[in-house]
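See below for the structure under consideration.
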Amino acid sequence: MIHVCFVFTDGASAKFIGTAMFSMFENISKPLPSVTVHILHDDTLTDSDRNNFSYLAGCCGQLVEFYDVEKICAAKLNQMIDLFPDAIKSRLNKAMFYKLLIPQILSTETEKAIYLETNVVVNADVSEIWRVELDDNPLAAVPALEIGSDIHTQDKAVADGLIKPEDYFNPGVLLMNLKILRGEENTIMNGLKFAVEHAYFAMLDQTVLNICFSLQTVKLPSRFNRFVRWMRRRKEHVAKEIYYYTGHSLQLDVKDEFNLLWLEYFVKTPWFSVESIGKLYEGFQQIHSKLKKSMINLSVVMNGKARAFCTFPAQVEELKKVFHINDAEEIVKLESQASLKQLIDTMKKSQGKKVFFIVARNFPFNVLTQAGFVYGKDFLNGMEFLSTEQGMSLNSYPLLYAM
Amino acid sequence: MIHVCLALYDKTGLYSKFTGTTILSFLENTSLPSWSITVHILHDNTLSAENLDKLAYIVERYNQTVKFYDVEELCSERIAAIKEMCAKTVKMRYTVAMFYRFFIPNVLSPDIEKIIYFDSDLIVNLDLKELWQIELGDKVLGVIPRRYQKINPPADDKYYFNSGVLLINVPAFRSEEANLNECIQFMAVNDPANANDQEILNRCFEQKTLHLPVKFNRLIKWDRRQKITDIDGKIYHYAHADSILGLGTDMNDPLNRLWMSYFIKTPWFDADSIGRLYNEFRRLRNNFADYTLNLSRDLSKKSRAFFVEPKRLPSMKKNFSIRDDEEIILEENATSVEKLLQSMRNSKGRKVFFILTEETLTKKFPFARLTDEGFVQGKDFIKGWELLSTARNEPFNSHPLIKVL
């Protein structure tokens with residue numbers, strides 16, 4: 001029997017866990033039932049979601065168990081949380097603690113478990129991970145450097161020299177030696193204390209697990225934890241691997257095979273229904289309404305004024321086409337630091353007579369407001385007017401999340 | 001054995017899903033074991049192999065029988081003749097498939113004495129047996145008269161019927177072939193813009209029909225107009241596609257939900273459908289973005305002015321943040337449009353006029369009067385209401401999203 005754990009602390013994650021579970025069930029080669037899914041949850045798990053998880057497992061001939069962590073493990077959970085200063089407590093994501101408590105939550109008869117993040121697709125056979133020999137090592141994971149060159153750079157503990165980049169692993173997919181980890185409770189608590197002392201709050205579980213165990217972690221083959229954003233960067237294709245959709249890498253553009261892969265599994269889960277289409281449509285409506293409002297605002301802002309533009313020299317020709325700029329309209333080019341002052345001087349001279357459309361990524365708008373100009377009166381963010389064809393990206397993750 | 005017939009023309013490949021959804025709905029709702037169903041599909045060479053397979057897959061999933069008839073091969077001369085005669089309507093929003101129902105007696109086995117004909121924009125939310133068991137006697141067609149849709153129908157609308165649902169007495173229909181051909185000819189010559197299947201059938205069979213209860217062909221626009229929100233055991237007809245009266249993606253609307261709940265069970269629905277939905281939305285959004293860019297150019301150095309109905313002035317002032325110094329012309333009477341034109345002449349090049357009335361004095365706004373004088377949309381005037389929700393509070397017509405699903 002293979003044991004797989006998910007942590008559920010956000011109602012919306014139900015469909016992501018469901019999709020991960022379904023993909024895993026679809027790709028397992030062993031006779032049924034071969035997998036028990038353990039869902040460690042808080043009070044956001046609804047009866048409807050619980051039923052959907054059970055239904056999904058049942059349809060696929062597998063098993064699922066639920067653990068209300070706040071009830072089962074309140075004392076240990078609070079012990080961990082109390083290590084943190086009050087100001088930080090509210091910002092902490094308790095999912096991180098649930099993960100660290102897996103050895104205490106699962107039955108002592110379960111000696112080994114796979115941990116998976118909620119937003120993964122298991123396009124490979126998990127039994128291949130299960131077969132990896134841990135011996136007396138506490139964990140197996142994919143080294144961060146094999147996933148991508150920047151993952152370890154986000155952890156302050158690596159910058160401080162506490163963990164070597166080549167030892168750093170990403171805990172999005174873990175094979176946990178529960179027997180050994182049960183004896184390492186103190187090590188983990190000490191790891192947490194250390195993280196608090198050094199203010200390593202950003203990616204707590206990742207930092208703590210690496211601090212405690214990076215030198216004893218068995219290396220898993222990289223195909224068991226592929227960050228989708230790295231797959232895209234390297235222009236690689238979908239294969240029999242496990243994909244991790246970090247951040248907003250999951251989108252609705254199905255020309256991307258990774259997006260399509262996730263959606264293909266998702267539509268076969270009980271979380272996909274007529275409601276999902278309805279929610280997608282509601283998302284479209286909201287975006288559409290915002291667009292209409294911005295058009296009206298534009299008409300308010302213009303108010304008899306002329307247009308002027310500010311952009312990088314390389315973008316001028318494109319901008320002229322896109323905004324239909326005529327020769328009489330002023331364009332301030334951002335060539336150097338001095339250009340900002342030039343822009344401000346130009347804006348001062350024509351204040352009240354021109355609206356400046358600033359078309360530059362990461363432009364420091366606060367410099368203009370500090371100089372006394374008003375957004376929506378003297379200047380606008382020109383980037384917002386561009387379509388996706390012209391380079392303005394439309395982040396569809398919120399639409400997908402709401403489905 | 002229940003016989004059901006549908007016709008299909010599908011040049012884009014996107015229409016077959018409607019036929020498939022209709023078929024799935026009646027198969028889902030018609031209970032076995034005593035009745036078997038044969039689905040007869042009249043098509044032409046626009047039906048791709050892939051879509052044919054999907055249609056067959058649906059029927060076979062319910063252990064029923066499907067038969068395909070390529071009418072272009074089986075009735076090539078008749079098709080050519082009717083296409084030529086009725087060239088005008090074939091080019092309009094209809095397709096040639098609307099005529100395929102005329103060839104039922106020629107194409108199907110002569111054993112078949114009774115058949116139900118369905119358009120492809122239906123959801124059959126009842127057991128077909130209810131319709132099948134109706135005895136036609138010597139009537140040619142069982143139909144649902146238009147007056148049954150309305151609460152207060154006009155007294156003189158006695159016989160006119162919608163041709164989307166027909167219960168056909170095949171031998172009687174066969175014997176009327178000459179009569180039908182005469183009617184086709186007559187319409188083609190005398191009223192070519194209306195030479196479509198519905199007008200022709202009404203002309204030909206006006207009083208040779210048995211009138212059936214409205215539940216067998218309920219046009220959804222009437223449920224919407226009469227604010228009926230319950231879904232019942234009816235055949236719902238999603239006519240008036242591509243308007244806000246038709247099918248859309250707002251799932252708060254029970255009729256939209258009903259159609260979608262069947263569609264997602266067909267093989268046309270998959271992850272790619274979501275992708276297409278999103279892509280179409282992105283395209284609409286990009287069009288909007290382009291419009292905004294053009295607007296920024298057209299508003300440059302110009303002030304705004306507004307043409308608005310007095311009763312909507314307060315809300316428009318709010319929606320558009322209209323300032324006191326901006327000109328407002330009220331749409332009060334028949335001379336208001338002339339007042340607007342006068343103002344536009346006086347301020348040409350200096351103002352952009354936002355027309356905020358979709359209809360002026362119960363008629364649509366006469367934009368032709370503006371363009372005839374040389375005013376340009378987007379430069380001199382803007383259809384201001386397009387920047388707001390429509391009268392029925394729908395942000396946009398989502399039928400284009402349905403089409404691409």
State the [atom1]-[atom2] distance between [X] and [Y], to the nearest 0.5 angstrom.
X        : Y        : atom1 : atom2 : answer
A:Phe385 : B:Ser296 : CZ    : OG    : 6.5 Å
B:Met251 : A:Glu275 : CE    : CD    : 9.5 Å
A:Lys321 : B:Leu293 : NZ    : CG    : 13.0 Å
B:Leu299 : A:Lys305 : CG    : NZ    : 12.0 Å

Pick whichever of [options] has the most heavy-atom pairs under 4.5 Å with chain A.
options                                : result
B:Asn252, B:Asn294, B:Asp253, B:Asn279 : B:Asn294
B:Phe354, B:Phe269, B:Phe263           : B:Phe269
B:Ser321, B:Ala289, B:Gly275, B:Ser300 : B:Ser300
B:Ile322, B:Asn319, B:Ile274           : B:Ile274

Can you tell if the side chain of [X] reaches within under 4.5 Å of the side chain of [Y], non-hydrogen atoms only?
X        : Y        : result
A:Asp253 : B:Arg282 : yes
B:Lys301 : A:Lys353 : no
A:Val300 : B:Arg304 : yes
A:Met302 : B:Lys302 : no
A:Phe284 : B:Leu284 : no

Atom [atom1] of residue position [X] - does it have more than 12 heavy atoms of other residues, nucleotides or ligands inside 6.0 Å?
X        : atom1 : answer
A:Tyr55  : OH    : no
A:Lys320 : NZ    : no
B:Lys265 : NZ    : yes
B:Tyr57  : OH    : no
A:Glu330 : CD    : yes
B:Lys379 : NZ    : no

A:Val274 to B:Ser261 - nearest heavy-atom pair and separation =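 Of all heavy-atom pairs spanning A:Val274 and B:Ser261, the closest is CG2-CA, 3.4 Å.
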Taking all non-hydrogen atoms of both residues into account, name the closest pair between A:Met295 and B:Thr292 and its distance.
->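 The answer is CG-OG1, 3.2 Å.
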Part of [X] lying under 4.5 Å from any heavy atom of chain B:
X        : value
A:Leu280 : side chain
A:Val267 : side chain
A:Ser276 : neither
A:Tyr265 : neither
A:Val301 : neither

With respect to chain B, which residue among [options] yields the maximal number of heavy-atom pairs within a distance under 4.5 Å?
options                      : value
A:Ser396, A:Ser299, A:Ala306 : A:Ser299
A:Gly283, A:Gly304, A:Gly382 : A:Gly304
A:Ile296, A:Val254, A:Leu260 : A:Ile296

Quick one: what part of B:Arg350 sits under 4.5 Å from any heavy atom of chain A, side chain, backbone, both or neither?
->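 Answer is neither: B:Arg350 stays 4.5 Å or more from chain A.
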Stepwise ring-ring contact (aromatic ring centres under 6.0 Å, His included) test for A:His288 and B:Phe288 = CA-CA 9 Å; A:His288 191 89; B:Phe288 217 83; 5.2 Å; yes
Steps toward side chain to side chain contact (heavy atoms under 4.5 Å, CB included) verdict (A:Phe272, B:Ile264) | CA-CA 10 Å; A:Phe272 176 78; B:Ile264 60 175; 4.1 Å; yes
